[in-house]
*Asks:* 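The structure under discussion is supplied below as structure tokens; questions concerning it will follow.
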Number of protein chains: 4
Amino acid sequence: MEFESSQSIFSQIAESLSEKILKQQYEVGEKIPSVRELAAEVGVNPVTIMRTFNELQSKGIIENKRGIGYFVTEKAIDLIRNEKKAVFFEKVLPDFIHQSELLGISKEELKSHLNL
Amino acid sequence: MEFESSQSIFSQIAESLSEKILKQQYEVGEKIPSVRELAAEVGVNPVTIMRTFNELQSKGIIENKRGIGYFVTEKAIDLIRNEKKAVFFEKVLPDFIHQSELLGISKEELKSHLNL
Amino acid sequence: MEFESSQSIFSQIAESLSEKILKQQYEVGEKIPSVRELAAEVGVNPVTIMRTFNELQSKGIIENKRGIGYFVTEKAIDLIRNEKKAVFFEKVLPDFIHQSELLGISKEELKSHLNL
Amino acid sequence: MEFESSQSIFSQIAESLSEKILKQQYEVGEKIPSVRELAAEVGVNPVTIMRTFNELQSKGIIENKRGIGYFVTEKAIDLIRNEKKAVFFEKVLPDFIHQSELLGISKEELKSHLNL
DNA sequence: GTGGTCTAGACCACC
DNA sequence: GTGGTCTAGACCACA
């Protein structure tokens, strides 16, 4: 797995897992890969994965079953979708509008880029 | 001035100055406020402002006249516009599309939000 | 049976069994359920139950009769009561006092909560 | 500083800081010691302190000012008091009652221990 | 000076 | 096998 330097590795992994859960590549109640597995798979230190899991757990997206592993919670999809929506409407969309106005991009140009 | 914790202060100030230049609130050839003035105005350490000015100077957006101050260069607007365009088409726009698809936002909804 | 994630499962089960013995729901000399039965009943791995039994046996609360099962010892109730008292006076009570002082809970309020 | 082995060091430090804030030994808006200072003072690795600060920050008890340090937030005391109250009334108090009933501790004995 | 991240390696409790 | 914690040491960006 490749990482952007602008963001911490552990939160990029968290983002990646969140998207997979949202796309139901990991289903509700399903066990996600173990710390060591994921660490080996993406080529980072296990504690980096732990930080990822801690973050997701504190958000309520995954939960731990002692000695077994981490599982996708029932409310995971709602949580992820809600957070993403908030970010989208409060940050991504306004920023998009702001930038396109600042650059004077015409509505026709926007439409073509967005296939609208 | 308030800052987001997610980005460095000096780049937030640089962004703010760039936008003002782009909107011609500072015109070409005009002197921008001194380090100390700006520092007092936005409430940060003068060295942070220095770093901002160095950044803008290295990009060719402002230039220093020894003992007098910093001035907006002739090519400033082009430079800013080009950089903003690059960021917009390589990052803001793709991210916008990706997020809106991930959230399943319909084309109609997008159109209404964007006044298209 | 549901478990708190903050404590190990085997000690939660041990605690539950101890309380039942103390309340004489299991009487002295009585056979307690087998490893497999209990495992099925509370929904955990049999080895976890084994560990619980080992723990209780090492304290002298239950004893094994080879091939037959585990039985409540004669001194079980004393052992449990003594350990609980120690914990109560060395940990639960001091903590209770500390927290109630820290939160500034009045003596009247305490009395009413405790029916004193 | 000495630690109990039953709880993680970083959360014991968090608890200690919370109590100090609650007792206003650190006041609202005040800077708390830096990561390295605290690490040296209590004799642990700086990353352990970082985990402590992350936890407190995620709860909204402290906030970071870039390059300067961590500061006690305005709502810190409310947050701490509310959380402590919740724990007290939902866990400490019920557990206290449960244990004292289980051990058959008389009301008179309780009163004397609690100075009621 | 401040915090933030990552690695490597060790050790532990638990299932 | 699972997660959880801690240390030591390095490196980085930021103010």
Side-chain angles (χ1 to χ4, degrees), chain A residues 3 5-13 31-39 42-57 62-71, chain B residues 3 5-14 39 42-52 54-55, chain C residues 3 5-14 39 42-52 54-55, chain D residues 3 5-13 31-39 42-57 62-71:
Chain A
F3 303 104
S5 60
S6 60
Q7 235 195 329
S8 63
I9 291 177
F10 79 88
S11 57
Q12 289 180 57
I13 298 173
K31 182 180 177 298
I32 64 176
S34 76
V35 170
R36 289 165 173 84
E37 275 176 2
L38 245 185
V42 303
V44 301
N45 190 294
V47 308
T48 304
I49 302 294
M50 274 299 315
R51 295 190 64 181
T52 303
F53 284 8
N54 282 339
E55 191 167 284
L56 294 177
Q57 184 176 36
I62 60 178
E63 63 190 346
N64 180 253
K65 293 188 186 172
R66 294 184 65 123
I68 306 180
Y70 279 90
F71 295 76
Chain B
F3 301 103
S5 62
S6 60
Q7 237 195 327
S8 63
I9 291 177
F10 83 87
S11 62
Q12 290 180 60
I13 299 173
V42 302
V44 302
N45 192 306
V47 306
T48 304
I49 302 294
M50 268 311 303
R51 190 156 177 189
T52 304
N54 286 338
E55 178 97 350
Chain C
F3 303 102
S5 61
S6 60
Q7 238 196 327
S8 63
I9 291 176
F10 83 87
S11 62
Q12 290 181 59
I13 297 173
V42 302
V44 302
N45 192 307
V47 306
T48 304
I49 301 294
M50 266 313 300
R51 190 157 179 188
T52 304
N54 286 338
E55 179 97 348
Chain D
F3 302 104
S5 60
S6 60
Q7 233 196 329
S8 63
I9 291 177
F10 78 88
S11 58
Q12 288 181 58
I13 298 174
K31 182 182 176 297
I32 63 176
S34 76
V35 171
R36 289 167 175 83
E37 275 175 2
L38 245 185
V42 303
V44 301
N45 191 294
V47 308
T48 303
I49 302 294
M50 275 299 316
R51 294 190 64 181
T52 302
F53 284 8
N54 282 339
E55 190 168 283
L56 293 176
Q57 185 176 38
I62 61 177
E63 64 190 346
N64 180 254
K65 293 188 187 172
R66 293 185 69 120
I68 305 179
Y70 280 90
F71 295 77

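Labels below follow one simple rule: chain letters A, B, ... track the order of the sequence lines, proteins then strands, and each chain is numbered from 1.
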*Asks:* Under 3.5 Å, is there any donor-acceptor pair linking the side chain of R36(D) to the base of dG3(E)?
*Replies:*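 A donor-acceptor contact between them is present.
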*Asks:* Measure the shortest side-chain to side-chain distance between I32(A) and L38(A) over non-hydrogen atoms and say whether it is less than 4.5 angstrom.
*Replies:*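 They are not in side-chain contact.
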*Asks:* Starting at the 5' end of DNA chain E, which residue's closest nucleotide do you reach first, I68(D) or R66(A)?
*Replies:*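 Checking each residue's closest nucleotide, the 5'-ward one belongs to I68(D).
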*Asks:* Rounded to the nearest 0.5 Å, what separates atom CE in M50(A) from atom CD in Q57(A)?
*Replies:*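 Answer rounded to 0.5 Å: 8.0 Å.
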*Asks:* Nearest whole Å is fine: how far is dA13(F) P from F10(B) CZ?
*Replies:*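 It is 10 Å, rounded to the nearest whole Å.
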*Asks:* Could you tell me whether the side chain of R36(D) and the main chain of P46(D) form a donor-acceptor pair under 3.5 Å?
*Replies:*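 No, R36(D) side chain to P46(D) backbone: no donor-acceptor pair under 3.5 Å.
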*Asks:* How many whole angstroms separate atom CG of N45(D) from atom P of dT7(F)?
*Replies:*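 Taking atom P of dT7(F) as the reference, CG of N45(D) is at 5 Å.
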*Asks:* Expressed as a whole number of angstroms, how long is the span from M50(D):CE to dT7(F):P?
*Replies:*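 To the nearest whole Å, that distance equals 15 Å.
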*Asks:* Heavy atoms under 4.0 Å, any strand shown: does V35(D) hit a base, just sugar-phosphate, or nothing?
*Replies:*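 It contacts sugar-phosphate atoms only.
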*Asks:* Looking for any heavy atom pair under 4.0 Å, which part of the strands does N64(D) touch: base, sugar-phosphate only, or nothing?
*Replies:*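 Touches sugar-phosphate only.
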*Asks:* Starting from P on dT5(E), measure out to CD1 on I49(A) and report it in whole angstrom.
*Replies:*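 That distance rounds to 15 Å.
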*Asks:* Atom CG of L56(A) and atom P of dG3(F): how far apart are they, to the nearest Å?
*Replies:*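 In whole Å, dG3(F) P and L56(A) CG are 13 Å from each other.
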*Asks:* With nearest nucleotide decided by heavy atoms, which residue, I9(A) or S8(C), maps closer to the 5′ end of DNA chain E?
*Replies:*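 So the residue in question is I9(A).
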*Asks:* Using a heavy-atom cut-off of 4.0 Å across all strands, would you classify V44(A) as base, sugar-phosphate, or nothing?
*Replies:*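 Sugar-phosphate, backbone atoms only, no base.
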*Asks:* Over how many whole Å does the gap from Y70(D) atom OH to dA15(F) atom P extend?
*Replies:*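 Taking atom P of dA15(F) as the reference, OH of Y70(D) is at 14 Å.
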*Asks:* Taking Watson-Crick and G-U wobble pairs with both distances under 3.5 Å, convert DNA chain E into its dot-bracket string, 5' to 3', dots for unpaired and | for cross-strand pairs.
*Replies:* ||||||||||||||.
